[in-house]
Each structure stands twice: as structure tokens, then as C-alpha cells.
Student: 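Before I ask anything, here is the structure I am working with.
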Amino acid sequence: MVAAPVAAGTVEDFELGAGDLALEFANTADWHAGPAPVEFLKSYADLVAWSQRCRVVDAAERKGLVLQSKRRPGEARAVLKRAIDLREAIYRTFSAIAHQKAPRNQDMTELNLALAGSLSRLRVVSEGKQFSWEWSGGQTLDRMIGPIAQAAASLLTSPDLSRVGECADDRGCGWLFVDRSKNHSRRWCDMNGCGNRAKANRHQQRAREA
């Protein structure tokens with residue numbers, strides 16, 4: 001097997017585009033289906049940076065959370081571990097679904113525990129004549145856990161579940177996405193990455209056969 005390319009950069013500049021918050025979070029480990037996934041969430045600060053990129057927190061909240069994490073480093077490390085454990089459960093669950101398999105019971109338990117510990121912070125708020133969900137929690141270091149778990153639960157119970165796919169790269173890319181193409185034909189994380197490599201490999205194979 002050809003080795004997978006090593007991911008470059010940080011959580012601040014890696015590619016988004018999964019089409020759902022839960023899957024964006026699952027993709028914070030690159031080459032997730034391979035033998036040596038590349039971790040982007042190396043610190044609590046990385047987790048908060050990702051949360052801002054995906055609009056789970058704003059810039060002021062990010063600054064406050066990072067300051068709090070420096071005052072409570074042990075708690076911040078524990079939150080990071082919880083987040084990564086949840087991410088792995090989400091990844092395995094949706095990867096199984098993408099391959100038309102049943103999720104593992106222990107992964108569903110992990111998700112439900114995260115939901116149970118977070119839903120008390122969910123509120124209905126009014127905006128004029130409109131109503132919406134809003135997460136409370138202030139500067140609690142785990143405030144991103146609830147929105148991630150709720151996004152995963154929402155996707156599991158939505159019509160979009162049938163459109164969950166995984167990159168078809170055979171070297172372990174593992175990138176998850178919601179296929180919103182009109183003819184439901186998306187196969188790759190990105191045509192400029194795995195898609196182009198697959199195309200080049202097919203061209204080389206045809207050339208050898210000729």
C-alpha cells in the first residue's frame with residue numbers, strides 16, 4: 001500500500017466542507033481510516049480554535065475559554081479527552097452508516113452520554129416573532145460538547161442521513177461528508193485532493209495496460 005500523504009498545517013487552516021457540524025468535527029483527525037491518523041486537536045486551544053471556525057463560539061468566547069483553560073489546565077485536558085472520545089464515537093458511527101453498516105452500541109452510548117450531560121444548557125429563545133435554539137454555558141470549558149453532540153443526533157434523525165458518505169480513497173483518507181450533489185454522486189473529500197489522485201492513478205493504469 002502506498003503511504004498516505006502527511007497532513008500539513010493546523011486546525012486553523014485545514015479544510016472544511018463536510019456539510020454538517022458533527023462531520024466537520026469527525027474530520028479533525030486526517031487520514032482517519034488509515035493506520036496512523038493525523039491529529040489536529042493537539043491541545044485545548046486547538047479545540048477552541050476549531051469551535052470558532054465552525055461558529056460554535058465567537059472570538060470573545062474563544063479568548064475567554066483559552067484564558068480559563070490556563071487557570072484550570074487539568075480540567076482543560078479532561079475536556080479535550082472527552083471531546084476526542086466523542087469525536088471517535090461520531091466518526092465510527094457515521095463511517096459505519098456511510099458503508100451501510102450498523103453503528104456500535106458503545107458509540108451510541110458515548111453520544112447519548114454527551115447529550116445527557118449537555119441538554120440542560122439548551123434553551124429556546126425568541127427573536128421577534130421567531131424562535132430558535134441557543135446554548136447557554138458561559139465560560140464552561142466543555143461548552144462545545146453540547147452543540148457537537150446535538151448536531152450528531154440531529155443528523156442521525158434527519159433525511160440527510162442517507163446522504164452521509166466517506167471519501168472513496170483507498171489509502172485511508174476517511175473524510176466524511178453529506179453528499180448534497182443533485183444526483184447523489186459525490187465520492188471524494190475534494191476533487192483537488194483524493195479525487196485528482198484517483199484520476200491520475202486510473203490514467204497511469206490505462207497507460208500501463210495499453
Side-chain angles (χ1 to χ4, degrees), residues 11-12 14-29 40-41 44-69 72 75-76 78-98 103-165 175-181:
V11 73
E12 296 275 15
F14 85 153
E15 291 294 325
L16 299 176
D20 182 89
L21 178 66
L23 302 189
E24 298 288 12
F25 190 58
N27 292 337
T28 55
F40 280 97
L41 301 182
Y44 179 80
D46 289 337
L47 176 61
V48 180
W50 174 88
S51 299
Q52 184 187 1
R53 284 199 69 194
C54 291
R55 301 182 180 180
V56 176
V57 303
D58 61 25
E61 290 171 316
R62 173 181 176 177
K63 182 178 179 180
L65 288 168
V66 170
L67 286 174
Q68 289 290 334
S69 73
R72 307 199 299 275
E75 183 181 343
V79 170
L80 177 62
K81 182 181 184 305
R82 282 174 55 202
I84 289 176
D85 287 346
L86 176 60
R87 180 194 68 192
E88 294 306 296
I90 289 172
Y91 174 76
R92 287 189 296 264
T93 293
F94 287 102
S95 178
I97 289 168
R104 302 193 316 174
N105 289 335
Q106 52 266 50
D107 291 329
M108 294 302 299
T109 297
E110 182 84 32
L111 174 57
N112 280 313
L113 286 173
L115 281 170
S118 304
L119 288 179
S120 62
R121 299 176 188 169
L122 195 57
R123 302 282 186 270
V124 176
V125 296
S126 61
E127 301 173 355
K129 295 182 179 181
Q130 303 295 317
F131 296 86
S132 63
W133 292 106
E134 181 178 273
W135 288 93
S136 62
Q139 294 298 316
T140 56
L141 294 181
D142 65 349
R143 71 177 310 281
M144 68 288 294
I145 299 291
I148 293 166
Q150 193 268 341
S154 294
L155 182 55
L156 284 169
T157 56
S158 82
D160 279 342
L161 184 62
S162 64
R163 290 184 170 267
V164 170
W175 209 80
L176 297 171
F177 55 85
V178 177
D179 181 1
R180 293 198 170 93
S181 62

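Note that the structure is predicted; figures quoted are calculated from it, not measured. Both backbone and side-chain heavy atoms feed into the values below; hydrogens, waters and symmetry mates do not.
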Student: Would you say the side chain of Q150 lies within less than 4.5 Å of the side chain of S118, judging by non-hydrogen atoms?
Tutor: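 No, too far: nothing below the 4.5 Å cut-off.
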Student: Does any non-hydrogen side-chain atom of L156 lie less than 4.5 Å from one of I97?
Tutor: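 I97 reaches L156 side chain to side chain.
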Student: Counting neighbours of CD on Q130 that are heavy atoms of other residues, nucleotides or ligands and sit closer than 6.0 Å, is the number greater than 12?
Tutor: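 Open: at most 12 neighbouring heavy atoms sit under 6.0 Å from CD of Q130.
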Student: Taking ring pair (Phe, Tyr, Trp, His ring centres under 6.0 Å) as the criterion, tell me which of W50, F94, F40, Y91 meets it with F25.
Tutor: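 So the option named by the test is W50.
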Student: Roughly how far apart are D107 CG and L86 CG, rounded to 0.5 Å?
Tutor: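 It is 10.0 Å, given to the nearest 0.5 Å.
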Student: Taking the side chain as every heavy atom from C-beta outward, state whether T109 and N112 have any atom pair closer than 4.5 Å.
Tutor: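 Side-chain contact under 4.5 Å: no.
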Student: As an exercise, state the distance from CG of L155 to CZ of R163, rounded to the nearest 0.5 Å.
Tutor: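 With rounding to 0.5 Å, CG (L155) is 12.5 Å from CZ (R163).
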Student: Between L21 and P147, which heavy-atom pair has the shortest distance, and what is it?
Tutor: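 That closest heavy-atom pairing would be CD2-O, 3.7 Å.
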Student: Please round to the nearest 0.5 Å and tell me the distance separating atom CD of E75 and atom OG1 of T140.
Tutor: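 So the CD of E75 and the OG1 of T140 are separated by 8.5 Å.
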Student: Is the shortest side-chain heavy-atom distance between T28 and D46 below 4.5 Å?
Tutor: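 In short, these two side chains do not touch, never coming nearer than 4.5 Å.
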Student: For a 4.5 angstrom cut-off between non-hydrogen side-chain atoms, does W133 reach V124?
Tutor: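 They are in side-chain contact.
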Student: Go through the structure and list residues passing side chain to side chain contact (heavy atoms under 4.5 Å, CB included) with L16, not counting sequence neighbours.
Tutor: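 Side chain to side chain contact (heavy atoms under 4.5 Å, CB included) check on L16 returns F14, E24, R53, C54.
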Student: Could you state the interatomic distance from CZ (R72) to OH (Y44), rounded to the nearest 0.5 Å?
Tutor: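 It is 8.5 Å, given to the nearest 0.5 Å.
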Student: Output the distance between atom CG (L47) and atom CD1 (I84), rounded to the nearest 0.5 Å.
Tutor: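 Between atom CG of L47 and atom CD1 of I84 there are 8.0 Å.
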Student: Show the nearest heavy-atom pair for residues R87 and A26, with the distance to one decimal.
Tutor: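 Scanning both residues completely, I find the closest heavy atoms to be CG-CA, 3.8 Å.
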Student: Are I90 and I148 close enough, and set up right, to give a side-chain contact (heavy atoms from CB on, under 4.5 Å), and what steps lead you there?
Tutor: CA-CA 9 Å; I90 289 172; I148 293 166; 3.7 Å; yes
Student: Begin with the C-alpha distance, continue with both residues' side-chain angles, and end with the deciding distance and a verdict on side-chain contact (heavy atoms from CB on, under 4.5 Å) for W135 and V56.
Tutor: CA-CA 9 Å; W135 288 93; V56 176; over 6 Å; no
Student: Give me the one residue out of V178, D20, D179 that meets side-chain contact (heavy atoms from CB on, under 4.5 Å) with D160.
Tutor: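 Looking at V178, D20, D179, the match for D160 under the side-chain contact (heavy atoms from CB on, under 4.5 Å) is V178.
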Student: Do you know the tightest heavy-atom contact between R180 and G19?
Tutor: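 Distance-wise, the nearest heavy atoms are NH1-O, 2.8 Å.
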Student: Please find the pair of heavy atoms, one from S69 and one from A76, that lie closest to each other, and give the distance.
Tutor: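 Nearest heavy atoms, S69 then A76: CB-CB, 3.7 Å.
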Student: Kindly write out the residues that satisfy salt bridge (charged side-chain N to carboxylate O under 4.0 Å, His left out) with D142, not counting sequence neighbours, or none if the list is empty.
Tutor: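 With sequence neighbours excluded, D142 shows a salt bridge (charged side-chain N to carboxylate O under 4.0 Å, His left out) to R82, R121, given in chain and number order.
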Student: Checking E61 side chain against D58 main chain: does a donor-acceptor pair fall under 3.5 Å?
Tutor: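 Answer holds: yes.
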Student: Provide the closest heavy-atom pair for I145 versus A114 in the form atom of the first, atom of the second, distance.
Tutor: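 Taking every non-hydrogen atom into account, CG2-CB, 4.2 Å.
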Student: Using every non-hydrogen atom in the two residues, find where S120 and R123 come nearest and quote the distance to one decimal.
Tutor: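 Of all heavy-atom pairs spanning S120 and R123, the closest is O-NH1, 2.6 Å.
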Student: CZ of R143 to CD of Q68: how many Å apart, nearest 0.5 Å?
Tutor: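 Between R143 CZ and Q68 CD, I get 12.5 Å after rounding to 0.5 Å.
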